Every structure is written in structure tokens, then in C-alpha cells.
Student: 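I'd like to ask you about the structure that follows.
In this chain, residues are counted from 1 in sequence order. In this text the structure is predicted, and so the values were computed from the model without any measurement.
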Amino acid sequence: MTQSKATRSIIDTHRHIFGPKLRQKFVENIGFDDSKPLPQANAGEMFFYRESVDVDYSMEIQQKSGVTLCVNSYGGEIDTFAKNIIKASTIDTLKFLHDESFELRDRFPKDIACMANAHALEENTRDVIDPLISEKEACCISISSSYGAGPDQIFLDSPKAEWLWEYAQDKDILVHIHPPLVSIGAAAMQQYRLIEAVGRPFDTALSAARMIFSGVFDKYPKLKVLFVHMGGALAPVVCRLDWNWDLNYKGIQNPPIQKVDKNLRRPSEYFKSNIYVDTMGPSAICLKAMIEMCGVDRVLFGTDFGPVPMSPKLHIDLVDDTITDPGDREKIFSTNTLALLRLAESVPHLAPRAA
């Protein structure tokens, strides 16, 4: 018997919920005007929608859409939150965000689970996330695909991120990777909302490529990472990653050692062993490409709902209309996530009942 659409489990692994404390910080520090109608945009092209700053409205839409649980995170924006919104140290910013997230979870215990937000390049954030992971308050680790801007931008192949890969592999926990507000090439993308449309997906793709070619997944073979937004811009370039590795610096005398690929396998192979993606697009063509690239067991349902004011129903319909096999739909909607994030450990009502 197939599960009815009314009762099926749908877990949104890509959700950002801005609670009342964050909303007040938006008012105090980045130009959000609580007295004016929505939507709004500040001078830095940060957009405010009712879906992103009105928690009750946002949760009502989530519940009506058919999503039965979401996993909340802020990790991709830690630098922006710390420097511009909360105006505090990284550690204090993480504590602020976790307090906000857990308060939301306690208010909506059947609707919200939480990630542990970290700064991949600051090892001292381990002390913030470790109690949350160890005590099963959080189900995975959320980070940004890059940090900084321009010539000072640092990606996830940096030695400074080694602590995180070692920690995540040791704890057997997923690392959820989200692009920053200020993405690669931001200076050339100040018009037409191109940072969202082009910059952020390519920031994700570049960081993923650098992780692969630097040998991160060879050094940490059991590491599990998820790249949001359907893997960013990875699907169209995966073939180029492969032939780039085939060519490498073969036949070149005295190649620059820092530029030589370090990975031991073809880049496309890591998409079936270490890398996961979500469904936030939404595009039937891209969803099919993700399944072809990673396999259906490595695709998780995700919407980016809140800052992206499109109902999760749009993404649910995409999966329903594109994926014909009921078992594969169930994998994307819930069972992949339940297994990967071990949600039954951190969300009590998902734990199987004793016979």
C-alpha cells in the first residue's frame, strides 16, 4: 500500500527561519523598517519578505504545504551575521543564532529540527558545536562554502578547515554547505540579483571542486557533505572536472606542485561516495541531472524557504511530477534524510515506537 500524500513524511533539509530576536537585529543594524510594508530591500541587496521575518506566517505556509519537519540553519551566513547584523564575535554570534534556533524548535517541536552552525576556518567554534552534536541537540553541521571576499576569499580546501573534516568524519555527521551572501565575483554581480542567480551557485561549485582536487575526500574518505541548491553549478561542469583531472599536468616538466591535482579518483566518483545534494532549484531538468550525477539515494528534499519566498509546495510538486517511482519519491522526501541525519536521535517524535 502506498502512503497517501496527506500522511506522508516530507522533511525540508534547507530552511532558514528568522525569529523575533534576529528580526530586531535587522531593524537595528541593516535597515529593515518594521513600520513599512513588505517586501523590502536594504542598500546591500538583502531582501526581506513576510515569509522570512514573520515566523507565524512562515510556519503556517510550511505546515499547509505538506512539509512535516524542517531543519533550520544559518551557517552559510556566519560572517555576515557577525560583522553586519549581530555585530559580535564569531563565538557570540553562533551562541545567539543557536539560542534563536532552539527557541523556535521549542515553540514548534514537531515542525523544526536544528543544525549546529560553525565557522569552518575557526577551530575554536568546535567548542560551540561539539556539545550540540554530542548531546544530539543538532543533527548536522552547517557552514559556508567560502569566507571573505575578493582576493582574500578563502575556500574549503584551506588547511584551516582540516579540523572540521576530521571532526565530522570522527563523529560520522553530515556537513551542510551553503554559499555566503557575498559570493565569488560579487563585484561584477551588483545588478539584476546576479549574486543569487549566478554567484552563489558558482561559489558552491568552486568550493566543491577545490575540495575534490585538493584531496580532501581522499584524506577523509568517510566524510559526508551536502552542497545545497542542487549542488550549485556542479552538474554542468562535472564532465569538465573529469577531463581536467585526466589532463592534469601530465607531460609537463617541473609542474607547479601547488597547482597539480591531488585527488586519487576521477572527480565524478566522489559524487557517489562523499557528496549529497538537495532539491532546491526548482527545475525538473536539474533534478534529473542530480539523480544521474549522485544517485537517488544521495538527493535530499530542500527548499530554502523563508529568504526565498516560494512555498515548499512548489518543490514538493516538482518531485511528485518529475519522479515517477513512489519509492524514489519517498527516498527524496524523507528516508534519505532520516538515515543520513539520524533524525530519530535528535527529534523524539520521529523515534520508532516500541512494539
Side-chain angles (χ1 to χ4, degrees), residues 11 13-14 71-76 78 90-91 93-95 97-98 101-102 113-147 154-178 204 207-228 231 262-265 267 269-278 294-295 297-298 300 302 335-348 350-351:
I11 303 171
T13 62
H14 186 173
V71 188
N72 190 38
S73 73
Y74 311 108
I78 291 302
T90 300
I91 296 296
T93 296
L94 290 173
K95 290 179 179 178
L97 294 172
H98 287 134
S101 191
F102 290 127
C114 299
M115 297 189 195
N117 304 279
H119 194 302
L121 308 182
E122 296 185 18
E123 187 171 356
N124 62 342
T125 63
R126 182 208 311 257
D127 295 334
V128 177
I129 66 170
D130 184 57
L132 304 178
I133 300 301
S134 299
E135 295 168 18
K136 298 180 173 55
E137 291 287 324
C139 58
C140 63
I141 302 168
S142 173
I143 63 167
S144 179
S145 56
S146 69
Y147 297 86
I154 301 176
F155 294 87
L156 296 178
D157 57 330
S158 169
K160 291 183 178 180
E162 290 281 336
W163 74 270
L164 178 62
W165 312 137
E166 181 179 358
Y167 177 85
Q169 178 172 268
D170 181 62
K171 293 289 186 177
D172 188 28
I173 191 159
L174 177 75
V175 180
H176 187 272
I177 301 175
H178 190 288
T204 299
S207 211
R210 293 177 70 128
M211 287 180 70
I212 290 170
F213 286 128
S214 67
V216 166
F217 298 115
D218 300 291
K219 187 173 183 180
Y220 303 99
K222 295 183 179 180
L223 177 64
K224 298 176 291 188
V225 303
L226 183 147
F227 293 108
V228 300
K262 310 298 191 299
N263 51 306
L264 302 178
R265 295 184 287 150
E269 295 182 29
Y270 298 95
F271 290 92
K272 296 185 184 293
S273 61
N274 302 91
I275 294 171
Y276 296 78
V277 296
D278 71 19
C294 298
D297 293 335
R298 311 186 78 80
L300 279 62
T335 55
N336 289 346
T337 300
L338 286 168
L340 183 63
L341 271 60
R342 300 198 296 272
L343 279 170
E345 298 177 10
S346 58
V347 184
L350 294 178

Student: Could Arg298 and Phe271 be counted as a cation-pi pair, given that NZ or CZ must be under 6.0 Å from the ring centre and within 45° of the axis?
Tutor: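 Pair Arg298/Phe271 does not count as cation-pi.
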Student: With a cut-off of 6.0 Å (strictly less than), are more than 12 heavy atoms of other residues, nucleotides or ligands near NZ of Lys262?
Tutor: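 It does: Lys262 NZ has more than 12 such atoms within range.
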Student: Do Leu174 and Ile141 have side chains that approach each other closer than 4.5 Å (heavy atoms only, starting at C-beta)?
Tutor: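 Heavy-atom side-chain distance check fails, nothing below 4.5 Å.
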Student: What's the spacing between Ile133 CD1 and Asp170 CG if we round to 0.5 Å?
Tutor: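 So the gap between those two atoms works out to 12.0 Å.
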Student: Can you tell me how far the CG atom of Asp127 sits from the CD atom of Glu122, to the nearest 0.5 Å?
Tutor: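 If I round to the nearest 0.5 Å, the distance is 12.0 Å.
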Student: Roughly how far, to the nearest 0.5 Å, is CG of Asn274 from CE of Met211?
Tutor: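 The CE atom of Met211 sits 8.5 Å away from the CG atom of Asn274.
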Student: Is there a side-chain contact between Leu226 and Val277 in this structure, where contact means two heavy atoms from C-beta onward sitting under 4.5 Å apart?
Tutor: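 With C-beta onward as the side chain, the pair stays apart.
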Student: Do Arg210 and Ser158 have a side chain donor and acceptor closer than 3.5 Å?
Tutor: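 Side chains of Arg210 and Ser158: no pair found under 3.5 Å.
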Student: With distance as the sole test, does Tyr270 use its side chain to make a donor-acceptor pair with the main-chain N or O of Arg265 at under 3.5 Å?
Tutor: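 Yes, Tyr270 side chain to Arg265 backbone: donor-acceptor pair under 3.5 Å.
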Student: Classify the side-chain pair Tyr276/Asn336 by whether it contains a donor and acceptor separated by less than 3.5 Å.
Tutor: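 Distance-only check fails for Tyr276 and Asn336.
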Student: Verify side chain to side chain contact (heavy atoms under 4.5 Å, CB included) between Val225 and Trp165, making sure each step is shown before the conclusion.
Tutor: CA-CA 9 Å; Val225 303; Trp165 312 137; 4.3 Å; yes
Student: On a heavy-atom basis, which atom in Trp163 and which in Ala120 lie closest, and how many Å separate them?
Tutor: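 Scanning both residues, the minimum pair turns out to be NE1-O, 2.9 Å.
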Student: What I'd like to find out is whether the side chain of Leu156 reaches to under 4.5 Å of the side chain of Val216, using heavy atoms alone.
Tutor: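 Leu156 vs Val216: side chains apart.
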Student: Could you state the interatomic distance from CZ (Phe227) to OG (Ser145), rounded to the nearest 0.5 Å?
Tutor: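 These two atoms lie 8.5 Å from each other.
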Student: Do Glu162 and Lys219 sit within salt-bridge range, that is, some charged N less than 4.0 Å from a carboxylate O?
Tutor: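 Here Glu162 pairs with Lys219 in a salt bridge, since their nearest N and O are under 4.0 Å apart.
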Student: Quick one: closest heavy-atom pair of Ala168 and Leu223, and the distance?
Tutor: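 In this case the closest contact between Ala168 and Leu223 is CB-CD1, 3.9 Å.
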Student: Search all heavy atoms of Leu94 against all heavy atoms of Ala118 and return the closest pair with its distance.
Tutor: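 Heavy atoms of Leu94 and Ala118 come nearest at CD2-N, 4.1 Å.
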Student: How many angstroms lie between CD in Gln169 and CG in Leu164, if you round to the nearest 0.5 Å?
Tutor: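 Nearest 0.5 Å value for the CD-CG distance: 11.5 Å.
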Student: Can you name the residues that form a side chain to side chain contact (heavy atoms under 4.5 Å, CB included) with Ser101, not counting sequence neighbours?
Tutor: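 Expected list: Asn72, Tyr74, Cys114.
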Student: Determine yes or no for a side-chain-to-main-chain donor-acceptor pair under 3.5 angstrom, with Ser146 supplying the side chain and Phe155 the backbone.
Tutor: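 No; judged by distance alone, with no hydrogens or angles, the pair does not exist.
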Student: If we only count heavy atoms from C-beta on, is the Val71 to Cys139 side-chain gap below 4.5 Å?
Tutor: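 Yes, close enough: below the 4.5 Å cut-off.
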Student: Could you check whether atom NZ of Lys272 has more than 12 heavy atoms from other residues, nucleotides or ligands sitting under 6.0 Å from it?
Tutor: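 Yes, NZ of Lys272 has more than 12 neighbouring heavy atoms, counting only those of other groups under 6.0 Å.
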Student: Mind checking whether His119 and Tyr147 have parallel, tilted or perpendicular rings, split at 30° and 60°?
Tutor: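 Correct class here is parallel.
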Student: Would Leu341 and Leu300 satisfy side chain to side chain contact (heavy atoms under 4.5 Å, CB included), going step by step from the backbone distance to the final call?
Tutor: CA-CA 11 Å; Leu341 271 60; Leu300 279 62; 4.3 Å; yes
Student: How long is the gap from CD1 on Ile129 to OG on Ser134, to the nearest 0.5 Å?
Tutor: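 The CD1 atom of Ile129 sits 9.0 Å away from the OG atom of Ser134.
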Student: Given side chain to side chain contact (heavy atoms under 4.5 Å, CB included), test Ile275 with Ile212 step by step and report yes or no.
Tutor: CA-CA 10 Å; Ile275 294 171; Ile212 290 170; 4.2 Å; yes
Student: Would His176 and His14 count as having a side-chain donor-acceptor pair, cut-off 3.5 Å?
Tutor: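 No, no side-chain donor-acceptor pair sits under 3.5 Å.
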Student: Using modelled atom types and a 3.5 Å cut-off, is there a donor and acceptor pairing between side-chain atoms of Asn117 and backbone atoms of Gly75?
Tutor: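 Answer holds: yes.
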